[in-house]
Visitor: 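I have a structure I would like to understand better, so I am pasting it below and will then ask my questions one at a time.
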Number of protein chains: 2
Amino acid sequence: MMSKGLTKAPNGTAAKTRESMDPNQIYTRIFDAIVDHKLLPGTHLKEDELCDLFGVGRTRIRTALSRLSGDHVIELVANRGAFVARPSVEEAREVFRARRVIEGHLIRRAADMRDDAMHSALNDHLHTEDAARAAGDAARVIRRCGRYHQVLADQADSPIMARFVRELIARSSLIIAIYETGHHGDCEMDEHRQLSELVLQGKGEAAADLLDRHLTGIEDRLDLKPQGDPASDLRASLGFG
Amino acid sequence: MMSKGLTKAPNGTAAKTRESMDPNQIYTRIFDAIVDHKLLPGTHLKEDELCDLFGVGRTRIRTALSRLSGDHVIELVANRGAFVARPSVEEAREVFRARRVIEGHLIRRAADMRDDAMHSALNDHLHTEDAARAAGDAARVIRRCGRYHQVLADQADSPIMARFVRELIARSSLIIAIYETGHHGDCEMDEHRQLSELVLQGKGEAAADLLDRHLTGIEDRLDLKPQGDPASDLRASLGFG
DNA sequence: GTTAGCTAGATCGTATACAATCTTCGTATG
DNA sequence: CATACGAAGATTGTATACGATCTAGCTAAC
(Lines give C-alpha, C1' and ligand atoms only; values in the text may rest on other atoms or scores of the structure.)
Protein backbone atom coordinates (compact mmCIF):
# COMPACT_ATOMS: atom_id res chain seq x y z
CA MET A 1 0.00 0.00 0.00
CA MET A 2 1.24 3.47 -0.82
CA SER A 3 -1.22 5.66 1.00
CA LYS A 4 1.51 6.32 3.53
CA GLY A 5 3.52 8.19 0.90
CA LEU A 6 0.84 9.96 -1.05
CA THR A 7 -2.16 11.43 0.68
CA LYS A 8 -5.16 12.48 -1.30
CA ALA A 9 -4.97 16.14 -0.43
CA PRO A 10 -2.46 18.26 1.46
CA ASN A 11 -4.94 19.48 4.06
CA GLY A 12 -6.76 16.23 4.67
CA THR A 13 -10.01 17.09 2.92
CA ALA A 14 -10.53 15.47 -0.45
CA ALA A 15 -11.99 18.61 -1.99
CA LYS A 16 -9.07 19.47 -4.30
CA THR A 17 -8.98 15.92 -5.58
CA ARG A 18 -12.56 15.98 -6.76
CA GLU A 19 -11.85 18.95 -8.97
CA SER A 20 -9.39 16.83 -11.00
CA MET A 21 -5.70 17.61 -10.83
CA ASP A 22 -3.47 18.61 -13.74
CA PRO A 23 -0.70 16.32 -14.85
CA ASN A 24 1.55 19.11 -13.56
CA GLN A 25 0.18 18.95 -10.04
CA ILE A 26 0.33 15.16 -10.09
CA TYR A 27 3.93 15.32 -11.27
CA THR A 28 4.88 17.75 -8.53
CA ARG A 29 3.13 15.77 -5.82
CA ILE A 30 4.88 12.52 -6.73
CA PHE A 31 8.23 14.26 -7.27
CA ASP A 32 8.04 15.85 -3.83
CA ALA A 33 6.96 12.61 -2.20
CA ILE A 34 10.03 10.91 -3.65
CA VAL A 35 12.42 13.69 -2.65
CA ASP A 36 10.93 13.70 0.85
CA HIS A 37 11.51 9.96 1.27
CA LYS A 38 7.80 9.32 1.50
CA LEU A 39 8.06 7.04 -1.50
CA LEU A 40 11.10 4.81 -1.19
CA PRO A 41 13.34 3.49 -3.98
CA GLY A 42 11.90 0.45 -5.70
CA THR A 43 8.27 1.27 -4.89
CA HIS A 44 5.94 0.16 -7.67
CA LEU A 45 3.77 3.07 -8.77
CA LYS A 46 0.72 1.33 -10.19
CA GLU A 47 -1.30 3.41 -12.60
CA ASP A 48 -4.72 2.30 -11.40
CA GLU A 49 -3.81 3.01 -7.81
CA LEU A 50 -2.65 6.51 -8.73
CA CYS A 51 -5.85 7.02 -10.72
CA ASP A 52 -7.90 6.34 -7.61
CA LEU A 53 -5.69 8.52 -5.40
CA PHE A 54 -5.78 11.52 -7.71
CA GLY A 55 -9.24 10.92 -9.11
CA VAL A 56 -8.25 11.14 -12.79
CA GLY A 57 -7.98 8.82 -15.76
CA ARG A 58 -4.84 6.91 -16.62
CA THR A 59 -3.88 9.36 -19.34
CA ARG A 60 -2.96 12.14 -16.92
CA ILE A 61 -1.12 9.73 -14.66
CA ARG A 62 0.91 8.50 -17.59
CA THR A 63 1.79 12.05 -18.60
CA ALA A 64 3.08 12.71 -15.09
CA LEU A 65 5.00 9.43 -14.94
CA SER A 66 6.60 10.17 -18.28
CA ARG A 67 7.95 13.45 -16.99
CA LEU A 68 9.21 11.83 -13.79
CA SER A 69 10.97 9.25 -15.91
CA GLY A 70 12.63 12.09 -17.83
CA ASP A 71 14.00 13.35 -14.53
CA HIS A 72 15.28 9.84 -13.81
CA VAL A 73 13.57 9.75 -10.42
CA ILE A 74 11.42 6.84 -11.57
CA GLU A 75 12.20 4.05 -13.97
CA LEU A 76 9.69 2.96 -16.62
CA VAL A 77 9.98 -0.76 -17.31
CA ALA A 78 8.18 -2.02 -20.41
CA ASN A 79 5.03 -3.95 -19.56
CA ARG A 80 5.92 -3.83 -15.86
CA GLY A 81 5.22 -0.24 -14.97
CA ALA A 82 6.84 2.59 -13.05
CA PHE A 83 9.19 2.12 -10.10
CA VAL A 84 10.89 4.68 -7.92
CA ALA A 85 14.50 4.68 -9.13
CA ARG A 86 17.22 2.80 -7.28
CA PRO A 87 20.47 4.51 -8.26
CA SER A 88 23.48 2.20 -8.45
CA VAL A 89 26.72 2.96 -6.63
CA GLU A 90 28.27 4.13 -9.91
CA GLU A 91 25.34 6.45 -10.55
CA ALA A 92 25.60 7.73 -7.01
CA ARG A 93 29.25 8.64 -7.42
CA GLU A 94 28.59 10.37 -10.72
CA VAL A 95 25.67 12.32 -9.30
CA PHE A 96 27.92 13.84 -6.65
CA ARG A 97 30.72 14.42 -9.14
CA ALA A 98 28.31 16.19 -11.48
CA ARG A 99 27.03 18.28 -8.60
CA ARG A 100 30.54 19.36 -7.69
CA VAL A 101 31.14 20.40 -11.30
CA ILE A 102 27.86 22.20 -11.99
CA GLU A 103 27.05 23.62 -8.58
CA GLY A 104 30.68 24.67 -8.32
CA HIS A 105 30.32 26.74 -11.47
CA LEU A 106 27.02 28.20 -10.34
CA ILE A 107 28.21 29.24 -6.90
CA ARG A 108 31.22 31.05 -8.38
CA ARG A 109 28.91 32.85 -10.75
CA ALA A 110 26.42 33.65 -8.00
CA ALA A 111 29.22 35.17 -5.91
CA ASP A 112 30.13 37.43 -8.83
CA MET A 113 26.53 38.54 -9.24
CA ARG A 114 25.51 39.04 -5.63
CA ASP A 115 22.81 41.63 -4.97
CA ASP A 116 20.11 42.42 -2.44
CA ALA A 117 17.61 39.95 -3.83
CA MET A 118 20.13 37.16 -3.47
CA HIS A 119 20.85 38.23 0.08
CA SER A 120 17.17 37.90 0.95
CA ALA A 121 16.67 34.62 -0.87
CA LEU A 122 19.58 32.91 0.86
CA ASN A 123 18.80 34.24 4.33
CA ASP A 124 15.09 33.53 4.04
CA HIS A 125 15.84 29.96 3.25
CA LEU A 126 18.23 29.55 6.15
CA HIS A 127 15.45 30.71 8.44
CA THR A 128 13.03 28.07 7.17
CA GLU A 129 15.81 25.52 7.57
CA ASP A 130 16.30 26.64 11.16
CA ALA A 131 12.58 26.39 11.79
CA ALA A 132 12.39 22.87 10.41
CA ARG A 133 15.30 21.77 12.58
CA ALA A 134 13.79 23.41 15.64
CA ALA A 135 10.49 21.62 15.03
CA GLY A 136 12.41 18.34 15.03
CA ASP A 137 10.66 17.24 11.86
CA ALA A 138 13.24 14.94 10.24
CA ALA A 139 11.44 14.72 6.89
CA ARG A 140 11.20 18.48 6.68
CA VAL A 141 14.89 18.85 7.50
CA ILE A 142 15.80 16.54 4.61
CA ARG A 143 13.57 18.50 2.28
CA ARG A 144 14.92 21.87 3.40
CA CYS A 145 18.51 20.75 3.07
CA GLY A 146 17.92 19.73 -0.52
CA ARG A 147 16.04 22.92 -1.16
CA TYR A 148 18.97 24.99 0.05
CA HIS A 149 21.12 23.70 -2.77
CA GLN A 150 18.32 24.43 -5.20
CA VAL A 151 17.94 27.99 -3.94
CA LEU A 152 21.67 28.45 -4.27
CA ALA A 153 21.68 27.12 -7.83
CA ASP A 154 18.78 29.39 -8.73
CA GLN A 155 20.83 32.49 -7.85
CA ALA A 156 23.21 32.21 -10.81
CA ASP A 157 20.74 33.23 -13.53
CA SER A 158 21.37 29.94 -15.31
CA PRO A 159 18.04 28.17 -15.64
CA ILE A 160 19.35 25.31 -17.75
CA MET A 161 22.07 24.30 -15.33
CA ALA A 162 19.73 24.97 -12.42
CA ARG A 163 17.40 22.39 -13.93
CA PHE A 164 20.25 19.88 -14.18
CA VAL A 165 20.98 20.55 -10.51
CA ARG A 166 17.33 20.03 -9.66
CA GLU A 167 17.46 16.54 -11.14
CA LEU A 168 20.75 15.81 -9.42
CA ILE A 169 19.41 16.91 -6.05
CA ALA A 170 16.36 14.69 -6.44
CA ARG A 171 18.56 11.76 -7.33
CA SER A 172 20.79 12.57 -4.35
CA SER A 173 17.75 12.20 -2.15
CA LEU A 174 17.16 8.71 -3.55
CA ILE A 175 20.82 7.89 -3.06
CA ILE A 176 20.69 8.98 0.56
CA ALA A 177 17.56 6.89 1.08
CA ILE A 178 19.41 3.80 -0.13
CA TYR A 179 22.96 4.25 1.09
CA GLU A 180 22.74 6.35 4.22
CA THR A 181 24.64 5.11 7.25
CA GLY A 182 23.62 5.87 10.81
CA HIS A 183 25.59 9.05 11.41
CA HIS A 184 23.94 11.82 9.50
CA GLY A 185 24.09 15.45 9.72
CA ASP A 186 23.09 14.95 6.07
CA CYS A 187 23.81 18.53 5.23
CA GLU A 188 25.75 20.22 7.96
CA MET A 189 23.60 23.18 8.72
CA ASP A 190 26.51 25.35 9.62
CA GLU A 191 28.17 24.74 6.27
CA HIS A 192 25.09 26.08 4.54
CA ARG A 193 25.37 29.25 6.57
CA GLN A 194 29.06 29.59 5.76
CA LEU A 195 28.36 29.04 2.08
CA SER A 196 25.81 31.82 2.06
CA GLU A 197 28.21 34.18 3.78
CA LEU A 198 31.03 33.52 1.35
CA VAL A 199 28.73 33.99 -1.63
CA LEU A 200 27.32 37.23 -0.28
CA GLN A 201 30.86 38.50 0.36
CA GLY A 202 31.74 37.77 -3.26
CA LYS A 203 34.33 35.17 -2.30
CA GLY A 204 33.53 32.83 -5.18
CA GLU A 205 36.61 30.63 -5.02
CA ALA A 206 36.35 30.08 -1.29
CA ALA A 207 32.65 29.31 -1.63
CA ALA A 208 33.34 26.82 -4.42
CA ASP A 209 36.01 25.13 -2.32
CA LEU A 210 33.72 24.81 0.65
CA LEU A 211 30.87 23.53 -1.54
CA ASP A 212 33.20 20.89 -2.96
CA ARG A 213 34.16 19.73 0.51
CA HIS A 214 30.54 19.92 1.63
CA LEU A 215 29.34 17.63 -1.18
CA THR A 216 32.28 15.28 -0.77
CA GLY A 217 31.46 15.12 2.93
CA ILE A 218 27.91 14.04 2.21
CA GLU A 219 29.14 11.43 -0.25
CA ASP A 220 31.71 10.10 2.21
CA ARG A 221 29.07 9.64 4.86
CA LEU A 222 27.28 7.17 2.57
CA ASP A 223 27.95 3.46 2.30
CA LEU A 224 29.09 3.38 -1.33
CA LYS A 225 31.20 0.24 -1.45
CA PRO A 226 31.78 -1.12 -4.92
CA GLN A 227 29.03 -3.71 -5.14
CA GLY A 228 29.66 -6.86 -7.11
CA ASP A 229 27.52 -8.37 -9.83
CA PRO A 230 24.11 -9.69 -8.79
CA ALA A 231 25.46 -13.20 -8.20
CA SER A 232 28.21 -12.29 -5.76
CA ASP A 233 25.91 -9.61 -4.39
CA LEU A 234 23.50 -12.35 -3.38
CA ARG A 235 26.32 -14.25 -1.69
CA ALA A 236 27.34 -11.13 0.22
CA SER A 237 23.75 -10.35 1.18
CA LEU A 238 23.38 -13.84 2.63
CA GLY A 239 26.55 -13.47 4.65
CA PHE A 240 28.84 -15.66 2.53
CA GLY A 241 31.14 -12.73 1.68
CA MET B 1 4.09 20.46 -45.49
CA MET B 2 6.80 18.70 -43.53
CA SER B 3 7.55 15.77 -45.78
CA LYS B 4 10.79 17.49 -46.68
CA GLY B 5 12.10 17.00 -43.16
CA LEU B 6 10.69 13.62 -42.30
CA THR B 7 10.58 10.89 -44.88
CA LYS B 8 8.50 7.82 -44.28
CA ALA B 9 11.39 5.40 -44.36
CA PRO B 10 15.15 5.81 -44.51
CA ASN B 11 15.55 3.84 -47.72
CA GLY B 12 12.60 5.15 -49.64
CA THR B 13 10.37 2.12 -49.41
CA ALA B 14 7.46 2.40 -47.02
CA ALA B 15 7.83 -1.15 -45.74
CA LYS B 16 9.22 -0.31 -42.29
CA THR B 17 6.43 2.13 -41.68
CA ARG B 18 3.72 -0.45 -42.23
CA GLU B 19 5.11 -2.58 -39.44
CA SER B 20 4.36 0.20 -36.91
CA MET B 21 7.21 2.04 -35.28
CA ASP B 22 7.96 2.23 -31.56
CA PRO B 23 7.70 5.52 -29.75
CA ASN B 24 11.47 5.13 -29.38
CA GLN B 25 12.09 5.00 -33.11
CA ILE B 26 9.71 7.89 -33.68
CA TYR B 27 11.50 9.88 -31.01
CA THR B 28 14.89 9.18 -32.55
CA ARG B 29 13.74 10.00 -36.05
CA ILE B 30 12.33 13.38 -35.07
CA PHE B 31 15.28 14.15 -32.79
CA ASP B 32 17.73 13.46 -35.60
CA ALA B 33 15.68 15.46 -38.09
CA ILE B 34 15.84 18.45 -35.76
CA VAL B 35 19.56 18.13 -35.07
CA ASP B 36 20.21 17.76 -38.80
CA HIS B 37 18.34 20.97 -39.57
CA LYS B 38 15.73 19.09 -41.56
CA LEU B 39 13.08 20.44 -39.20
CA LEU B 40 13.66 24.12 -38.51
CA PRO B 41 12.96 26.05 -35.29
CA GLY B 42 9.33 27.06 -34.96
CA THR B 43 7.96 24.24 -37.13
CA HIS B 44 4.57 23.08 -35.92
CA LEU B 45 4.61 19.32 -35.42
CA LYS B 46 0.95 18.39 -35.84
CA GLU B 47 -0.02 15.11 -34.27
CA ASP B 48 -2.32 13.93 -37.06
CA GLU B 49 0.31 14.64 -39.66
CA LEU B 50 2.88 12.64 -37.73
CA CYS B 51 0.35 9.83 -37.33
CA ASP B 52 0.04 9.57 -41.09
CA LEU B 53 3.79 9.76 -41.65
CA PHE B 54 4.65 7.06 -39.14
CA GLY B 55 1.49 5.02 -39.55
CA VAL B 56 0.60 4.85 -35.85
CA GLY B 57 -2.05 6.21 -33.52
CA ARG B 58 -1.73 9.49 -31.71
CA THR B 59 -0.76 7.80 -28.46
CA ARG B 60 2.68 6.79 -29.69
CA ILE B 61 3.26 10.17 -31.28
CA ARG B 62 2.43 11.88 -28.00
CA THR B 63 4.81 9.62 -26.11
CA ALA B 64 7.60 10.60 -28.48
CA LEU B 65 6.73 14.29 -28.33
CA SER B 66 6.71 14.17 -24.55
CA ARG B 67 10.25 12.83 -24.51
CA LEU B 68 11.40 15.41 -27.04
CA SER B 69 9.91 18.09 -24.85
CA GLY B 70 11.91 16.72 -21.92
CA ASP B 71 15.04 17.27 -24.00
CA HIS B 72 13.88 20.82 -24.67
CA VAL B 73 14.28 20.39 -28.43
CA ILE B 74 10.56 20.95 -28.89
CA GLU B 75 8.17 23.11 -26.93
CA LEU B 76 4.73 21.82 -25.91
CA VAL B 77 2.20 24.65 -25.82
CA ALA B 78 -1.11 23.87 -24.14
CA ASN B 79 -3.94 23.43 -26.62
CA ARG B 80 -1.65 24.57 -29.44
CA GLY B 81 0.63 21.60 -29.90
CA ALA B 82 4.32 20.89 -30.38
CA PHE B 83 6.78 23.29 -31.99
CA VAL B 84 10.45 22.87 -32.71
CA ALA B 85 12.15 24.97 -30.04
CA ARG B 86 13.44 28.47 -30.78
CA PRO B 87 16.13 29.13 -28.17
CA SER B 88 16.42 32.75 -27.10
CA VAL B 89 19.72 34.63 -27.12
CA GLU B 90 19.97 34.17 -23.36
CA GLU B 91 19.38 30.44 -23.66
CA ALA B 92 21.95 30.27 -26.43
CA ARG B 93 24.60 31.89 -24.29
CA GLU B 94 23.84 29.59 -21.36
CA VAL B 95 23.93 26.50 -23.55
CA PHE B 96 27.48 27.32 -24.62
CA ARG B 97 28.48 28.24 -21.08
CA ALA B 98 27.10 24.95 -19.79
CA ARG B 99 28.93 23.10 -22.51
CA ARG B 100 32.21 24.72 -21.54
CA VAL B 101 31.65 23.69 -17.93
CA ILE B 102 30.47 20.13 -18.46
CA GLU B 103 32.40 19.14 -21.58
CA GLY B 104 35.45 20.75 -19.99
CA HIS B 105 35.17 18.43 -17.03
CA LEU B 106 34.56 15.40 -19.22
CA ILE B 107 37.50 16.01 -21.52
CA ARG B 108 39.87 16.36 -18.56
CA ARG B 109 38.56 13.10 -17.20
CA ALA B 110 38.76 11.39 -20.57
CA ALA B 111 42.39 12.43 -20.89
CA ASP B 112 43.11 10.83 -17.51
CA MET B 113 41.42 7.60 -18.57
CA ARG B 114 42.72 7.21 -22.12
CA ASP B 115 43.00 3.66 -23.41
CA ASP B 116 42.96 1.77 -26.69
CA ALA B 117 39.20 1.75 -27.02
CA MET B 118 39.12 5.53 -26.72
CA HIS B 119 41.84 5.82 -29.32
CA SER B 120 39.73 3.83 -31.78
CA ALA B 121 36.50 5.63 -30.98
CA LEU B 122 37.96 9.09 -31.53
CA ASN B 123 39.88 8.20 -34.67
CA ASP B 124 37.00 6.26 -36.19
CA HIS B 125 34.81 9.28 -35.82
CA LEU B 126 37.32 11.64 -37.37
CA HIS B 127 37.34 9.40 -40.41
CA THR B 128 33.57 9.56 -40.83
CA GLU B 129 33.84 13.31 -40.39
CA ASP B 130 36.46 13.43 -43.14
CA ALA B 131 34.27 11.30 -45.39
CA ALA B 132 31.26 13.56 -44.88
CA ARG B 133 33.31 16.63 -45.68
CA ALA B 134 34.79 14.95 -48.76
CA ALA B 135 31.31 14.03 -49.98
CA GLY B 136 30.38 17.71 -49.74
CA ASP B 137 27.16 16.85 -47.92
CA ALA B 138 26.57 19.95 -45.79
CA ALA B 139 23.83 18.37 -43.67
CA ARG B 140 26.01 15.40 -42.92
CA VAL B 141 28.91 17.65 -41.95
CA ILE B 142 26.72 19.44 -39.43
CA ARG B 143 25.56 16.15 -38.00
CA ARG B 144 29.05 14.72 -37.80
CA CYS B 145 30.42 17.81 -36.11
CA GLY B 146 27.82 17.56 -33.39
CA ARG B 147 28.43 13.86 -33.09
CA TYR B 148 32.11 14.43 -32.49
CA HIS B 149 31.37 16.29 -29.30
CA GLN B 150 29.02 13.50 -28.28
CA VAL B 151 31.63 10.84 -28.93
CA LEU B 152 34.11 12.85 -26.89
CA ALA B 153 31.67 13.21 -24.00
CA ASP B 154 30.93 9.49 -24.08
CA GLN B 155 34.58 8.66 -23.40
CA ALA B 156 34.59 9.90 -19.80
CA ASP B 157 32.50 7.05 -18.33
CA SER B 158 29.97 9.59 -17.06
CA PRO B 159 26.61 8.69 -18.59
CA ILE B 160 24.64 11.29 -16.65
CA MET B 161 26.75 14.23 -17.75
CA ALA B 162 27.04 12.73 -21.23
CA ARG B 163 23.24 12.87 -21.39
CA PHE B 164 23.29 16.53 -20.35
CA VAL B 165 25.80 17.15 -23.11
CA ARG B 166 23.58 15.34 -25.59
CA GLU B 167 20.75 17.75 -24.85
CA LEU B 168 23.09 20.73 -25.04
CA ILE B 169 24.47 19.64 -28.39
CA ALA B 170 20.98 19.25 -29.80
CA ARG B 171 20.04 22.70 -28.57
CA SER B 172 23.27 24.06 -30.04
CA SER B 173 22.13 22.76 -33.40
CA LEU B 174 18.89 24.71 -33.05
CA ILE B 175 20.85 27.78 -31.99
CA ILE B 176 23.09 27.53 -35.04
CA ALA B 177 20.02 27.14 -37.26
CA ILE B 178 18.64 30.42 -35.92
CA TYR B 179 21.66 32.59 -35.32
CA GLU B 180 24.29 31.45 -37.82
CA THR B 181 26.02 34.12 -39.85
CA GLY B 182 27.47 33.50 -43.29
CA HIS B 183 31.02 32.53 -42.39
CA HIS B 184 30.89 29.06 -40.98
CA GLY B 185 33.44 26.51 -40.42
CA ASP B 186 30.90 25.65 -37.72
CA CYS B 187 33.26 23.27 -36.04
CA GLU B 188 36.75 23.74 -37.27
CA MET B 189 37.68 20.28 -38.36
CA ASP B 190 41.29 20.72 -37.47
CA GLU B 191 40.44 21.66 -33.90
CA HIS B 192 38.63 18.36 -33.51
CA ARG B 193 41.74 16.55 -34.62
CA GLN B 194 43.90 18.53 -32.20
CA LEU B 195 41.45 17.85 -29.37
CA SER B 196 41.66 14.12 -30.00
CA GLU B 197 45.45 14.23 -30.03
CA LEU B 198 45.69 16.11 -26.75
CA VAL B 199 43.23 13.76 -25.07
CA LEU B 200 45.06 10.68 -26.31
CA GLN B 201 48.34 12.13 -25.07
CA GLY B 202 46.82 12.60 -21.64
CA LYS B 203 47.16 16.36 -21.79
CA GLY B 204 43.89 17.09 -20.05
CA GLU B 205 44.46 20.73 -19.19
CA ALA B 206 45.60 21.64 -22.68
CA ALA B 207 42.65 19.76 -24.17
CA ALA B 208 40.23 21.55 -21.85
CA ASP B 209 41.74 24.92 -22.79
CA LEU B 210 41.42 24.20 -26.49
CA LEU B 211 37.87 22.92 -26.06
CA ASP B 212 36.97 26.13 -24.23
CA ARG B 213 38.36 28.24 -27.07
CA HIS B 214 36.71 25.96 -29.63
CA LEU B 215 33.26 26.38 -28.11
CA THR B 216 33.75 30.09 -27.59
CA GLY B 217 34.78 30.33 -31.22
CA ILE B 218 31.55 28.71 -32.37
CA GLU B 219 29.55 31.01 -30.12
CA ASP B 220 31.39 34.10 -31.36
CA ARG B 221 30.63 33.20 -34.95
CA LEU B 222 26.91 33.48 -34.18
CA ASP B 223 24.80 36.59 -34.32
CA LEU B 224 23.82 36.76 -30.65
CA LYS B 225 23.01 40.43 -30.20
CA PRO B 226 20.84 41.22 -27.22
CA GLN B 227 17.47 41.24 -28.91
CA GLY B 228 14.80 43.71 -27.90
CA ASP B 229 11.21 43.01 -26.99
CA PRO B 230 8.96 41.58 -29.70
CA ALA B 231 7.65 45.01 -30.68
CA SER B 232 11.01 46.58 -31.47
CA ASP B 233 12.10 43.25 -32.87
CA LEU B 234 9.36 43.54 -35.46
CA ARG B 235 10.46 47.08 -36.33
CA ALA B 236 14.03 45.86 -36.76
CA SER B 237 12.93 42.91 -38.88
CA LEU B 238 11.07 45.22 -41.22
CA GLY B 239 14.08 47.49 -41.60
CA PHE B 240 12.91 50.37 -39.41
CA GLY B 241 15.76 49.88 -36.92
C1' DG C 1 9.85 -33.72 -3.38
C1' DT C 2 11.05 -31.15 -7.14
C1' DT C 3 10.35 -29.15 -11.43
C1' DA C 4 8.02 -28.02 -15.66
C1' DG C 5 3.96 -26.39 -17.77
C1' DC C 6 -0.42 -24.14 -17.59
C1' DT C 7 -4.25 -21.23 -16.27
C1' DA C 8 -6.13 -17.03 -14.17
C1' DG C 9 -5.38 -12.57 -12.58
C1' DA C 10 -3.20 -8.25 -12.76
C1' DT C 11 -0.96 -4.65 -15.19
C1' DC C 12 0.51 -2.04 -18.95
C1' DG C 13 0.27 -0.51 -24.27
C1' DT C 14 -2.55 1.28 -27.83
C1' DA C 15 -6.34 2.92 -30.54
C1' DT C 16 -10.37 5.27 -30.80
C1' DA C 17 -14.19 8.34 -29.68
C1' DC C 18 -15.62 12.43 -27.63
C1' DA C 19 -15.00 16.98 -25.24
C1' DA C 20 -12.55 21.32 -24.75
C1' DT C 21 -9.94 24.82 -26.76
C1' DC C 22 -8.03 27.62 -30.14
C1' DT C 23 -7.78 29.74 -34.81
C1' DT C 24 -9.73 31.53 -38.85
C1' DC C 25 -12.80 33.46 -41.79
C1' DG C 26 -17.12 35.47 -42.87
C1' DT C 27 -20.56 38.82 -41.58
C1' DA C 28 -22.74 42.65 -39.73
C1' DT C 29 -22.37 47.07 -37.76
C1' DG C 30 -20.42 51.52 -36.72
C1' DC D 1 -13.68 50.96 -44.87
C1' DA D 2 -12.31 49.37 -40.33
C1' DT D 3 -13.54 46.81 -36.44
C1' DA D 4 -15.94 43.74 -33.46
C1' DC D 5 -18.56 39.74 -33.18
C1' DG D 6 -19.72 34.94 -34.11
C1' DA D 7 -19.72 30.42 -36.22
C1' DA D 8 -17.25 26.68 -38.44
C1' DG D 9 -13.12 24.12 -38.85
C1' DA D 10 -8.95 22.40 -37.02
C1' DT D 11 -6.20 20.79 -33.31
C1' DT D 12 -5.19 19.18 -28.90
C1' DG D 13 -6.78 17.04 -24.10
C1' DT D 14 -8.93 13.19 -21.84
C1' DA D 15 -11.42 9.00 -20.78
C1' DT D 16 -12.45 4.58 -21.80
C1' DA D 17 -12.36 0.02 -23.91
C1' DC D 18 -9.78 -3.62 -25.74
C1' DG D 19 -5.61 -6.31 -26.61
C1' DA D 20 -0.84 -7.77 -25.29
C1' DT D 21 2.29 -9.05 -21.86
C1' DC D 22 3.83 -10.37 -17.52
C1' DT D 23 3.36 -12.68 -12.81
C1' DA D 24 1.78 -15.94 -9.56
C1' DG D 25 -0.09 -19.96 -8.05
C1' DC D 26 -1.76 -24.38 -9.16
C1' DT D 27 -1.56 -28.92 -11.15
C1' DA D 28 0.63 -32.82 -12.90
C1' DA D 29 4.45 -35.54 -14.23
C1' DC D 30 8.88 -37.33 -13.20
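Chain A is the first sequence line, chain B the second, and so forth, proteins listed ahead of strands; every chain is numbered from 1.
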Visitor: Given atom CD of A/Q25 and atom P of D/dT14, what is their separation to the nearest angstrom?
Guide: 12 Å
Visitor: Specify the separation, in whole Å, of atom CD1 of A/I61 and atom C1' of D/dG13.
Guide: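 That distance rounds to 15 Å.
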Visitor: Starting at CD of B/E49 and ending at C1' of D/dA10, how long is that distance when rounded to a whole Å?
Guide: 12 Å
Visitor: Once you measure the plane-to-plane angle for A/H125 and A/Y148, does it fall in the parallel (<30°), tilted (30-60°) or perpendicular (>60°) bin?
Guide: tilted
Visitor: Starting from C1' on D/dG9, measure out to CG on B/D48 and report it in whole angstrom.
Guide: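 Distance check: B/D48 CG to D/dG9 C1' gives 13 Å.
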Visitor: Of the candidate nucleotides C/dA15, D/dT14, C/dC12, which contains the atom at the shortest distance from the side chain of B/R60?
Guide: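 Minimum distance to the B/R60 side chain belongs to C/dA15.
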Visitor: Taking the side chain as C-beta and beyond, is there a heavy-atom pair between B/L50 and B/L65 under 4.5 Å?
Guide: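 Answer yes - side chains close enough.
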Visitor: What nucleotide among C/dC12, C/dA17, D/dT11 has an atom nearest to a side-chain atom of B/H44?
Guide: D/dT11
Visitor: Starting at CG of B/D22 and ending at P of C/dT14, how long is that distance when rounded to a whole Å?
Guide: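 The answer, rounded to whole Å, is 8 Å.
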Visitor: Is it the case that atom CZ in B/R163 sees more than 12 heavy atoms from other parts of the structure closer than 6.0 Å?
Guide: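 Result for CZ/B/R163: enclosed.
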Visitor: Taking the minimum atom-to-atom distance to the side chain of B/K46, which one of D/dG13, C/dC12, D/dT11 wins?
Guide: D/dT11
Visitor: Heavy-atom count around A/R166 CZ within 6.0 Å, excluding the residue itself: above 12?
Guide: yes
Visitor: Which atom pair, heavy atoms only, marks the closest approach of B/T181 to B/R221?
Guide: OG1-O, 2.8 Å
Visitor: Using heavy atoms and a sub-4.0 Å distance, could you list which residues of residues 77-86 of chain A are near DNA chain D? By number, please.
Guide: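 Result for residues 77-86 of chain A: A/N79, A/R80, sorted by number.
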Visitor: Nearest-Å distance, CD (A/E47) to C1' (C/dT14)?
Guide: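 Result: 12 Å.
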Visitor: Any salt bridge linking B/E219 with B/R100? Criterion: basic side-chain nitrogen under 4.0 Å from a carboxylate oxygen.
Guide: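 So B/E219 pairs with B/R100 through a salt bridge.
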Visitor: Please report the distance, rounded to the nearest Å, between CD in B/E75 and P in D/dT12.
Guide: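 Whole-Å distance recorded here is 14 Å.
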Visitor: What is the separation between atom CG on B/L50 and atom P on C/dA15, rounded to the nearest whole Å?
Guide: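 For the pair B/L50 CG and C/dA15 P, the rounded distance is 14 Å.
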Visitor: Check the angle between the aromatic planes of B/F164 and A/F164 and answer parallel, tilted or perpendicular using the 30° and 60° thresholds.
Guide: parallel
